[in-house]
Amino acid sequence: MLHRAGHTARSLLSTVTSAALSTDYPTLHQHSIESSDEFWNQIATERIHWREPYQTISDCNFKAGKVNWFTGGKLNVSENLLDRHLVEHSDKAAILWERDEPGQHEIVTYKALHEMTCRIANVLNSHGVSKGDRVGVYLPMCPTAAAVMLACARIGAIHNVVFAGFSAEALGKRLEQSEAKVAFTADRAIRGGKLIPLKSIMDEAVKMAPSVQKVFVMDRTGAVELTSSKDVSLESEMAGASSECAPVVLDSEDPLFMLYTSGSTGAPKGLVHTQAGYLTYAGYTHQQIFDYKPDDVYACVADVGWITGHSYVVYGPLSNTATTVMFESTPNYPDPGRYWETVERLKINQFYGAPTAVRLLMKSSDSYVTKYDRSSLRTLGTVGEPINPKAWQWYFDVVGEGRCPVVDTWWQTETGGIMIAPRPGLDPNNLTNLKPGAAMRPFYGVDIALMSPDTKTRIEGNDVAGHLCIAQPTPGLARTVYGDHERYIKTYFADYPGYYFSGDGGYRDEDGHIWLTGRVDDVMNVSGHRLGTAEVEGVLVDHVAVAESAVVPRPHEIKGEGIFAYVILKESVDIDHDVLKKEMSDMISTRIGKFAKPEAIVICPNLPKTRSGKIMRRILTKLAAGEKDGFGDVSTCSDPSIVETLMPLVDAVI
Ligand code: WTA
């Protein structure tokens, strides 16, 4: 459907921008769904500084996997995040950099961030990087990482940030597949006092990615060594570059960045986000869901290597002229009070983190929390995985002193921003309305559909469960998979024609609130890190001794899910099993990253399979969880005694 821009917005909409706490939510939400174009037209008009207005609000067709917003419009995202704020806020802190070293932070003003961004943009220009070129980013959590992202945005280059916990091979593949022209790294990262040799990892990775012509090396720990003719010192280049760089005027639908994420099949895919729709959605959700007010200090402790770090450390907050915290350390360094000491010192108003960290911290004495002043806090948030009610309650009672709503936010790399959260619509005077463990309400413009996998139709009413889909396009959705639009269509739009399928299951309770019930595909969530079972299996079967493998998630007290691997060895193999398991585990660490190491590997004679040879993962998942019965119908299994065979082997490792 094509709609022309320029409608007069209904008066109702005039309240939208201040509606974070509105109890008018049902009316506004309904309006945002029924008159989606009108709704987003107002938001995009108000929020974005356009160089040229758009002609079309939305041009989308889910059946064809087509998502376009604000087409014909021209803008520059970095201008929106920086230049626009310089007139009144040049001395305001844009970033508070909480360094790994305890008790230390640095302030980067909007003026300084603008200058850093322009210098890096000029460095990129001088090395021939321009609009549409891909830039690999493998950096610690620091203002330079944000400035590199914004410098790319300034010149229209596409950044591809790779989490600095990925191995050389994983990084190399992502650089190679995106055909990165240049890459950024640092000498070393420092996390929890431990040094991580980013530059040597990058050196290995670049060998796999011949497209990379230059590697810009930032000095984080005073150990820069330029070892190849491709290496360039970032600081020296920046010192020689001008601090002004005119922003390139881009189309709304030009790519802004790509970010790799795991799916149920094949290699990780690079989701592509574009300019105006993403910026509108990230900024608006940030303001509404966190109840962000001017002069608040907002902290999202996610890494920029993940989508949360893109949308809610960099793009969303800076579009609202916020002061955003970049947290380089870990939750328990030097002790489990680190977050709360930071809250006290930086006077943080909104704190957004991962359930895995909450679960970790609640194991220590509450005094690590209570000895710090948390009176500045107004909103607590979680993201990335389900939060169990016990962890939710501790976060709410102990960290938030029972005063701060916990916004459990559901979304994905693909959605670009938060889709379901308790706010808007939350009554601030009645926090008993919150439901521990439920994300609750679809955001404005988000039409959640629970679909029946059997009939492929939408399940109406309350107290119902189904596959969680989105029934109409939102501006922040990813537009494609880099280099493989067919895969994008197949992954997200083929299962339920006319709907975007998330891969998660959902439940709508009696009050109409949404609960997430976990993935319904073969994707695991380890400490909030998304990983496909197929990815880990792919590494295991590359081990010379392995004939076949099956990987499943297993509930884990801190990580949410741990990785559990079953392997069948080749017949002729006669090597000590502990040696083999260590080799396999090391291979996963080298090929993916340390965070993907399995909790346990079971060497077994066989796997439960249907007669047609399909592995029955349901059985393997239950076994890994330590279940002793309730395996359901095993009659379709080619060898029904397999459960009895595997159970003692599993018991021996868990
Ligand atoms: C899961 C992270 C339950 C979910 C922003 C989703 C959640 C995947 C929640 C996306 C939540 C994220 N409750 N599950 N609040 N938030 N998930 O792409 O399975 O790294 O599909 O994006 O994490 O992970 P991704």
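Note that ligands are numbered from 1 as they come in the structure, with each ligand's atoms numbered from 1 the same way.
Residue pairs meeting the side-chain hydrogen bond (donor to acceptor under 3.5 Å, both in side chains) criterion with at least one partner in residues 464-478, sequence neighbours excluded, are H467-Y496. Residue pairs meeting the side-chain hydrogen bond (donor to acceptor under 3.5 Å, both in side chains) criterion with at least one partner in residues 270-280, sequence neighbours excluded, are E253-T274, T274-R479, Y278-S311.
Side-chain polar atoms of Y352 and T409 form a donor-acceptor pair below 3.5 angstrom. With 3.5 Å as the limit, one finds a donor-acceptor pair spanning the side chains of D296 and Q350.
The minimum heavy-atom distance between E537 and V551, with the atom names listed, is OE2-N, 2.8 Å.
Contact residues of ligand 1 (protein heavy atom closer than 4.0 angstrom to a ligand atom; sorted by chain and number): I307, T308, V383, G384, E385, P386, D408, T409, W410, W411, Q412, T413, D504, L516, R519, N525, R530.
With sequence neighbours left out, D484 forms a side chain to side chain donor-acceptor pair (under 3.5 Å) with no residue at all.
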